[in-house]
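Since the structure comes first, as structure tokens, the remarks are kept for the end.
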Amino acid sequence: PVRPRIHNAYILVYIREDLAGQLLAPPDPRLTNPKMVDRCEREVRNVEQRLREKKEQQTKIKIKLVFERNLVKMSGFWDFAEIPHEHSFKMGRDQMVKDLAAEVETLAGVPRNNVALFYLQYRNNPRQVRFAFMPQASNFRQHIPNVNSPHFDLGDPHLMVLVVAAKEFDIHTLKPISPSVQPDELARWKQKEEEETVILLVAKYFCPTTRKVVTLGCHYGQFSDPLHTMVTSCWLATRLRPYIESKEVAPVSEQDLGVTDVDAVAQQWMCWEEFNANDIQPRDVSKKIKEEHLVTGDVIVWQLALAAGEPSSPEVDRSVEVEGEVAPIYPVQNVLDLAQHIANSADVIVTLHDYHQPLCVDGVVSNGHWGPPRPASAAPLTIAGGKDSKGSAQPPSPANAKEETPEAQALALSPVQFTPAQEKEIKMDLRWHLRHVTGTIARTFGLSPAAANQLWLFHAAPASNLEDPLNTQRVQGEQTTLKDLKLSSSHLLPLVNPGRRRTEVHLHAVALPWELGSQVFERNLCPLCIRFFDAQVREVGSCLITVPTIGTVQDIMTEASAQLRPEWGITAPLRVLEVSEGRLHRICRPDHAITSLACFSRSNIFYHCLRVESDTEAGGLLEGHQLMEIYHCDRQSQQAWGQPLLMPVAPGEKSGAIKARVKAKYQISDGEFKNWRLARYIDSRTARVGPRPMKDDEIWDAEPDAKLYLEHPHPNPNAHPSRQSRYNKPLTIK
């Protein structure tokens, strides 16, 4: 029916008259379905609770209370996200700060007149998150940070408030150190833009021996006081002694701790301002605080002045030995050195590839397997590690065992004998030059010292990515650093805050059989990668050769013939093909010049390679026959992929016969081949006919200028985004 019919059903029930009142009485929900009643009541309570919280969030603000004893637990450079708090409670946004001071007096037992409160504030110029004074006559609404402030959390809006007691109170127990001494009245703190008289500084200490930065606490004083007052008043010595006793920092002599002479302080102590984790600026200890342009909340770092040439750590004199070069280890003698050391420390994940590794474009390896990859729920392949020199399967390496990608599965099924990729994490410095990077990689992977000059570096697997190597003489200069590689590549992770975690870099390396500089380019030789394909269009092996730049394709055939192995089943005569993006670029004749090849100007020879196979049609084709390119095309995206097939076809040959010969050549099972379709399209200057699948009884050359392709699903469909990225690249001005 066009319209759905609505049916009504009725039921007639007879009940006893004396039970009518009992049966028709409304049931009690708690007796009939108590679980449903509890669920409904719980949902109502949750809705009411959310409404209360939403209303409370608009009228109240969470206060996270930080005492100075919490602040001294911080180590390293300043990170507002790591500030520990001791108490947390909510107060009205329109409440006065003096109410919080009264609450602090109840919690800590310190009179409110001897306490100063500071809130975490974001400065626009310069961009910093520091503590600022909170007058007790103000309300909390005035100090709530903006939504776009880096320290404001929309999921947990709060105010971080620092409580600083007078110097006469112990920072841990908050008890008076000397009851006879009258404590400072911090409630009378004055801070105006035009006349600041009192300042609070967060002081730290850096130990060059242990390379550790510890927080000493908060020091307040007059703007007119010089910086050395923190040393001459013995405040620094008092705060530093607990760290010396706990051996968190190296011992400091009593002579340095108890110095009172102004000139001696300038010679024995150094002071730095932690502008940010990457910018550490020196400060003159003999000048006044106001002259050094310090304001409340700034972070300063003290350290002992080192004599010229004095090593800051026993590790400074150690070096990584590399053939002909030593990877530099930069000494850390002051706070600035430490900041640069942390900012340039990198965890480099290096993957070492064998140059025999098969070509893998868009996740497709010419291995003779055309089905989809194994599902993630299937048992892992036992040959995930690839093949050894004898052709036997190797067990998967730990790197492959943790995640088996479709590309790794395809490489495992390849008949090529190659060493599986090895992955290791190496500690490096972003200031290293490329010669230091390659030397360290060679030493870590146990390669010969000479292999350091034969390593090529890439941002991705070289046989799977068309990008050029990073350290060839054609691309990079001698002074290129690891940081330059990182900043110039979109494949690398962005720089992170050095004070929080290290930078991670990914590199892929390939060890060549020769050095490109002295053994190749200086001799006017051209390096090429030759990949051998058998009659089943499978890559069975590869080699790297060098031919004269002024040579011809015949020189390539001569070098390739010397590299043939009997087990590959490839016999002379040979032909050389150039394949690009799944299509045949051209068949190279023996008299073609090397300089005319498309791969001649390409640096990544592993991706821009040459295909060499037996030329079964060298004796000539039958009359009327022609050598036809039949390429593979994805059914969904209509993009070519894989390696095309060259097959002689007869005039008037039917589609079914061509498909049968393709099936026999590829040795494909019936179950897999049923998803394949032979399609035809016409591309000429006079006509343009779109792709159209052919029936088995159709003649392939019924239309002039017809082209053939095999339409079937891509074996690794997830690789298509990586293919699209090769075409949709951002504009780069070099």
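Numbers here are sequence positions counted from 1.
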Query raised in the report: Does a salt bridge link Glu86 with Lys64, judged by any charged N lying under 4.0 Å from a carboxylate O?
Result: no

Requested in this report: Examine distances only and state if a side-chain atom of Asn453 and a backbone atom of Ala450 form a donor-acceptor pair shorter than 3.5 Å.
Outcome: no

Query raised in the report: Do the charged groups of Arg239 and Glu68 touch, with an N to O distance under 4.0 Å?
Result: yes

Query raised in the report: Between Ser246 and Pro242, is there a donor-acceptor pair closer than 3.5 Å when you use the side chain of the first and the backbone of the second?
Result: yes

Report task. Please check if atom NZ in Lys287 has more than 12 non-hydrogen atoms from other residues, nucleotides or ligands closer than 6.0 Å. Result -> no

Report summary line: When rounded to the nearest 0.5 Å, the distance separating CG of Leu257 from SG of Cys234 is 9.0 Å

Query raised in the report: Mind checking whether Val285 and Trp302 have side chains closer than 4.5 Å, heavy atoms only?
Result: yes

Requested in this report: Hey, could you give me the CH2/CD distance between Trp78 and Glu274, rounded to the nearest 0.5 Å?
Outcome: 8.5 Å

**Report entry** Distance, nearest 0.5 Å, that separates CG of Asp298 from NE2 of His293
**Finding:** 12.0 Å

**Report entry** Nearest atoms (heavy-atom pairs only) where Pro462 meets Asn604
**Finding:** O-ND2, 3.2 Å

Requested in this report: Taking the side chain as every heavy atom from C-beta outward, state whether Val104 and Arg112 have any pair of such atoms under 4.5 Å apart.
Outcome: no

Query - Pair Met91-Leu100, side chain to side chain contact (heavy atoms under 4.5 Å, CB included): steps then yes or no - result: CA-CA 8 Å; Met91 301 189 72; Leu100 178 60; 3.9 Å; yes

Query raised in the report: When the ring planes of Phe80 and His151 are compared, do they come out parallel, tilted or perpendicular, using 30° and 60° as the limits?
Result: perpendicular

Query raised in the report: Is it the case that Arg127 places NZ or CZ above or below the six-membered ring of Tyr122, under 6.0 angstrom from the centre and within 45 degrees of the axis?
Result: no

Report summary line: Rounded to the nearest 0.5 angstrom, the CZ-NE2 distance for Phe152 and His158 is 9.0 Å

**Report entry** Under 3.5 Å donor-acceptor, His143 side chain and Phe140 backbone
**Finding:** no

Query raised in the report: Does Ile61 reach the side chain of Arg141, with side-chain heavy atoms less than 4.5 Å apart?
Result: no

Query raised in the report: How about Val163 and Val66: do any of their side-chain heavy atoms sit closer than 4.5 Å?
Result: no

Query raised in the report: Can you check whether Val164 reaches Leu200 side chain to side chain, under 4.5 Å on heavy atoms?
Result: yes

Query raised in the report: Is a side-chain N or O of Lys212 found less than 3.5 angstrom from the main chain of Glu248, in a donor-acceptor match?
Result: no

**Report entry** SB check Asp156 Lys62 (cutoff 4.0 Å)
**Finding:** yes

Requested in this report: Ignoring hydrogens and angles, tell me if any N or O in the side chain of His506 forms a donor-acceptor pair with the backbone of Val350 under 3.5 Å.
Outcome: no

Query - Side-chain donor/acceptor of Asp337 to backbone N/O of Gln333, under 3.5 Å - result: yes

Query raised in the report: So, Trp269 side chain and Val259 main chain: donor-acceptor pair closer than 3.5 Å or not?
Result: no

Query raised in the report: Can you tell me how far CG of Asn114 sits from CD of Glu105, rounded to the nearest 0.5 angstrom?
Result: 9.0 Å

Query raised in the report: How close do Ala511 and Leu352 get, heavy atom to heavy atom, and via which atoms?
Result: N-CD1, 4.5 Å

Requested in this report: Compare every heavy atom of Ala346 with every heavy atom of Val505, then report the nearest pair and how far apart it is.
Outcome: CG2-CB, 4.2 Å

Requested in this report: Nearest 0.5 Å please: distance from the CE atom of Met428 over to the CG atom of Leu482.
Outcome: 7.0 Å

Query raised in the report: Minimum heavy-atom separation for Leu447 to Ala451, with atom names?
Result: CB-CB, 3.8 Å

Query raised in the report: Is the shortest side-chain N to carboxylate O distance from Asp184 to Lys167 below 4.0 Å?
Result: no

Query raised in the report: Distance only, no hydrogens: is a donor on one side chain within 3.5 Å (strictly under) of an acceptor on the other, for Ser149 and Asn146?
Result: no

Report task. Measure up the Trp456 and Phe458 rings against each other and bin them: parallel (under 30°), tilted (30 to 60°), perpendicular (over 60°). Result -> perpendicular

Requested in this report: Would you please say whether a donor-acceptor pair under 3.5 Å links the side chains of Gln281 and Asp279?
Outcome: yes

Requested in this report: Answer yes or no: is there a donor N or O on one side and an acceptor on the other, between the side chain of Ser138 and the main chain of Met134, under 3.5 Å?
Outcome: no

Report task. Check whether any side-chain heavy atom of Leu304 lies under 4.5 Å from a side-chain heavy atom of Met270, and answer yes or no. Result -> no

Query raised in the report: What about His508 and His353, are their ring centers closer than 6.0 Å?
Result: yes

Report summary line: All heavy atoms of Ile441 vs all of Ala509, minimum pair found to be CG2-CB, 4.5 Å

**Report entry** Minimum heavy-atom distance between Leu201 and Leu227, given as atom pair plus value
**Finding:** CD1-CD2, 4.4 Å

Requested in this report: Dump the intermediate steps for side chain to side chain contact (heavy atoms under 4.5 Å, CB included) on Arg431 and His436, then the final yes or no.
Outcome: CA-CA 10 Å; Arg431 294 169 286 185; His436 304 139; over 6 Å; no

Query raised in the report: Within the side chain of Asp225, is there an N or O that forms a donor-acceptor pair under 3.5 Å with the backbone of Gly221?
Result: no

Query raised in the report: So, Asn471 side chain and Leu457 main chain: donor-acceptor pair closer than 3.5 Å or not?
Result: yes

**Report entry** Polar side chain donor-acceptor pair, His228 to Ser286, under 3.5 angstrom
**Finding:** no

**Report entry** Side-chain heavy-atom pair Leu71, Cys218 within 4.5 angstrom cut-off
**Finding:** yes

Query raised in the report: Got Glu168 and Ser178 here, is their nearest side-chain heavy-atom distance under 4.5 Å?
Result: no

**Report entry** Distance-only donor-acceptor check, side chains Arg123 and Gln121, under 3.5 Å
**Finding:** no

Query - Stepwise side chain to side chain contact (heavy atoms under 4.5 Å, CB included) check, Leu338 with Phe77 - result: CA-CA 10 Å; Leu338 178 65; Phe77 290 112; 4.0 Å; yes

Query raised in the report: Between Trp514 and Gln454, is any side-chain donor less than 3.5 angstrom from a side-chain acceptor?
Result: no

Report summary line: Partner of Phe206 under side chain to side chain contact (heavy atoms under 4.5 Å, CB included), picked from Val249, Val214, Val332, is Val332

Query raised in the report: Between Glu185 and Asn113, does any side-chain donor sit less than 3.5 Å from a side-chain acceptor?
Result: no

Report summary line: Per ring pair (Phe, Tyr, Trp, His ring centres under 6.0 Å), Phe118 is matched among Phe131, Phe133, Tyr220 by Phe133

Query raised in the report: Any ion pair linking Glu254 and Arg241 (charged N to carboxylate O, less than 4.0 Å)?
Result: yes

Query raised in the report: Given Leu470 and Leu507, is the side chain to side chain contact (heavy atoms under 4.5 Å, CB included) satisfied, shown in steps?
Result: CA-CA 10 Å; Leu470 305 172; Leu507 289 178; 4.1 Å; yes

